[in-house]
Amino acid sequence: MAAPSFRQLLARHDGSNPLLVPGATHAFMAKLIQDAGYEALYVSGAGTAATIFGLPDVGLMTMTELVENVSRINDATNIAIFADADQGFGNAVNVIRTVREYEKAGAGAIQIEDQSFPKKCGHMDGKSVVPLEEMVGKIRAACDARTDPETVIVARTDARATEDMDRAVRRAVAYAEAGAEVIFPEAMRTEEEFARMAQELQGVPLVANMTEWGKSPVVDAQSLGEMGYTVVIFPSAPMRAAQQAIVDVLTELRERGTQRGLLDRMYHRKELYRLVGLDDIYAAEERYIPARNPDAAG
């Protein structure tokens with residue numbers, strides 16, 4: 001049975017029950033998210049840059065590199081994928097190809113932001129945004145480029161950090177009017193700003209980004225839902241927890257020369273084999289590969 005599409009999930013969730021979407025930076029993390037019972041995952045550009053390439057999120061990755069990560073995650077899972085497509089990797093014509101490549105890779109929701117190139121993480125300083133009319137053209141191009149009617153176009157505005165809250169609201173409204181089905185107001189500074197954005201866009205599904213140590217306060221999903229947010233993403237929480245766990249293991253190994261004291265904090269070998277489907281490989285070997293007779297002549 002096919003998993004619900006991101007569009008179907010939007011229809012099932014509202015302010016009383018927002019959709020919680022953890023971030024996956026690679027296929028195994030995506031499998032863990034699915035195994036934990038989540039209905040959707042988020043593929044972050046910042047997370048992909050850091051985890052796959054060891055780079056900061058400052059526009060150094062290409063579209064094909066991000067699409068490849070989305071494709072691998074899609075192959076490894078069967079839940080909806082909400083994918084970061086940066087600023088669309090160019091102008092409105094580039095956005096057309098970006099949307100089609102992301103669709104082929106399995107993204108059910110495609111996020112395009114209004115930053116100028118080179119873009120930066122939404123919680124970094126030094127960002128700039130393109131003119132409103134240019135972003136409206138990108139949204140229209142993205143909507144027209146879809147080949148799958150289930151694909152959801154998400155428009156993110158970074159204008160709160162570069163202009164002011166009034167202009168951020170104006171952009172969010174314009175992006176919804178241009179056809180974006182979900183609006184992502186990035187880097188709200190206070191709970192009151194989150195609430196104001198929701199009040200100004202009543203009836204439009206909204207994304208709240210609950211990243212850690214950024215420009216936004218960490219607000220619980222229930223409170224965000226009550227404000228009017230349909231989707232709450234945690235793009236970096238699994239990655240940051242894994243990064244700290246690696247540091248802890250490396251410290252323990254250096255100081256004690258053994259991992260014995262950490263075994264109860266490790267993901268067990270048996271669970272790893274279960275999750276990656278080793279039993280299926282064994283079954284295929286038994287079915288398709290002839291048993292070797294050590295006494296037979298070579």
Side-chain angles (χ1 to χ4, degrees), residues 5-6 21 23-27 29-30 40-77 80-124 126-131 134-158 175 178-184 186 207 209 211 233 235-236 239:
S5 68
F6 197 85
V21 186
T25 58
H26 51 75
M29 188 179 290
L41 59 83
Y42 180 76
V43 182
S44 158
T48 299
T51 303
I52 305 301
F53 297 100
L55 294 171
D57 185 21
V58 291
L60 298 175
M61 284 187 302
T62 65
M63 181 266 286
T64 51
E65 287 172 335
L66 262 170
V67 163
E68 183 178 18
N69 200 30
V70 172
S71 180
R72 288 175 175 172
I73 287 170
N74 180 60
D75 288 345
T77 59
I81 296 176
F82 176 9
D84 182 356
D86 285 354
Q87 83 296 359
F89 303 98
N91 63 22
V93 174
N94 298 102
V95 166
I96 294 171
R97 182 176 181 228
T98 295
V99 166
R100 290 175 180 169
E101 293 298 322
Y102 269 71
E103 278 190 323
K104 286 190 288 186
I110 304 169
Q111 168 197 316
I112 300 171
E113 64 200 39
D114 58 7
Q115 282 195 55
S116 55
F117 185 82
K119 59 88 62 188
K120 292 184 177 179
C121 167
H123 293 261
M124 289 180 181
K127 299 184 296 180
S128 61
V129 293
V130 300
E134 181 177 339
M135 182 61 178
V136 164
K138 287 186 175 186
I139 294 167
R140 290 173 55 211
C143 292
D144 290 345
R146 286 178 293 197
T147 59
D148 185 346
E150 287 294 295
T151 301
V152 174
I153 301 301
V154 181
R156 185 179 109 180
T157 180
D158 288 66
Y175 298 166
E181 295 142 302
V182 178
I183 300 297
F184 180 167
E186 177 66 304
V207 174
N209 180 6
T211 191
I233 63 171
S236 302
M239 175 186 73

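The side-chain contact (heavy atoms from CB on, under 4.5 Å) check on Ala46 picks up Ser44, Asp57, with sequence neighbours excluded. Residues that satisfy the side chain to side chain donor-acceptor pair (under 3.5 Å) test with Tyr42, not counting sequence neighbours, are Gln111. Applying the side chain to side chain donor-acceptor pair (under 3.5 Å) criterion to Glu68, with sequence neighbours excluded, gives Arg72. Remark: Ser128 engages Ser116 in a side-chain contact (heavy atoms from CB on, under 4.5 Å) (not counting sequence neighbours). By the salt bridge (Lys or Arg N to Asp or Glu O under 4.0 Å) test, Lys127 is found to be paired with Asp158, residues two or more places apart in sequence or in another chain being considered. With sequence neighbours left out, the side-chain contact (heavy atoms from CB on, under 4.5 Å) criterion links Ala105 to Val67, Val70, Ser71. Listed by chain and number, the residues in a salt bridge (Lys or Arg N to Asp or Glu O under 4.0 Å) with Glu113 are Lys119, Arg156 (sequence neighbours excluded). Residues satisfying the side-chain contact (heavy atoms from CB on, under 4.5 Å) criterion with Ser236, sequence neighbours excluded, are Thr211, Glu212, Met239, Arg240.
Pairing each heavy atom of Leu66 with each of Gly45, the nearest pair is CD2-CA, 4.0 Å. Of all the heavy atoms in Ala92 and Gly137, the pair that sits closest is CB-O, 3.9 Å. Counting all heavy atoms, side chain and backbone alike, Ala80 lies closest to Phe6 at CB-N, 3.8 Å. Residue Ala180 comes nearest to Ile139 through the heavy atom pair N-CG2, 3.6 Å, listed as atom of the first residue, atom of the second, then distance. Listed here is the closest heavy atom pair of Gly88 and Thr98: O-OG1, 2.9 Å. When all heavy atoms are compared, the tightest approach of Leu41 to Ala24 is CD1-CB, 4.2 Å.
Side-chain contact between Ile153 and Val182: absent, with no pair of heavy atoms (C-beta onward) separated by less than 4.5 Å. Considering only heavy atoms from C-beta on, Val207 comes within 4.5 Å of Phe82 through its side chain. Counting heavy atoms from C-beta outward, Met61 and Thr48 have side chains that approach closer than 4.5 Å. Side-chain contact between Ile110 and Thr151 is present, with at least one heavy-atom pair separated by less than 4.5 Å. You'll find the side chain of Val95 reaches within 4.5 Å of the side chain of Ile112, heavy atoms only. The closest side-chain heavy-atom distance from Phe184 to Ile233 is below 4.5 Å. Taking 4.5 Å as the limit, some side-chain heavy atom of Ile73 sits within range of a side-chain heavy atom of Ile81.
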*Decide yes or no on side chain to side chain contact (heavy atoms under 4.5 Å, CB included) for Ile52 and Asn69, but give the supporting numbers first.*
CA-CA 9 Å; Ile52 305 301; Asn69 200 30; 4.2 Å; yes
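Listed by first then second residue, pairs satisfying salt bridge (charged side-chain N to carboxylate O under 4.0 Å, His left out) with a partner in residues 96-107 read Arg97-Glu101, Glu101-Lys104, not counting sequence neighbours. Within the structure, salt bridge (charged side-chain N to carboxylate O under 4.0 Å, His left out) contacts touching residues 136-150 (residues at least two apart or in different chains) are Arg146-Glu181.
Counting only N and O atoms by type, the side chains of Glu186 and Asn209 include a donor and acceptor under 3.5 Å apart.
Atom OG1 of residue Thr51 and atom NE2 of residue His26 lie 6.0 Å apart, to the nearest 0.5 angstrom. For the atom pair CG of Asp86 and CZ of Phe117, the computed distance is 9.0 Å after rounding to the nearest 0.5 Å.
Judged purely by atom type and a 3.5 angstrom limit, Asn91 uses its side chain to pair as donor or acceptor with the backbone of Asn94.
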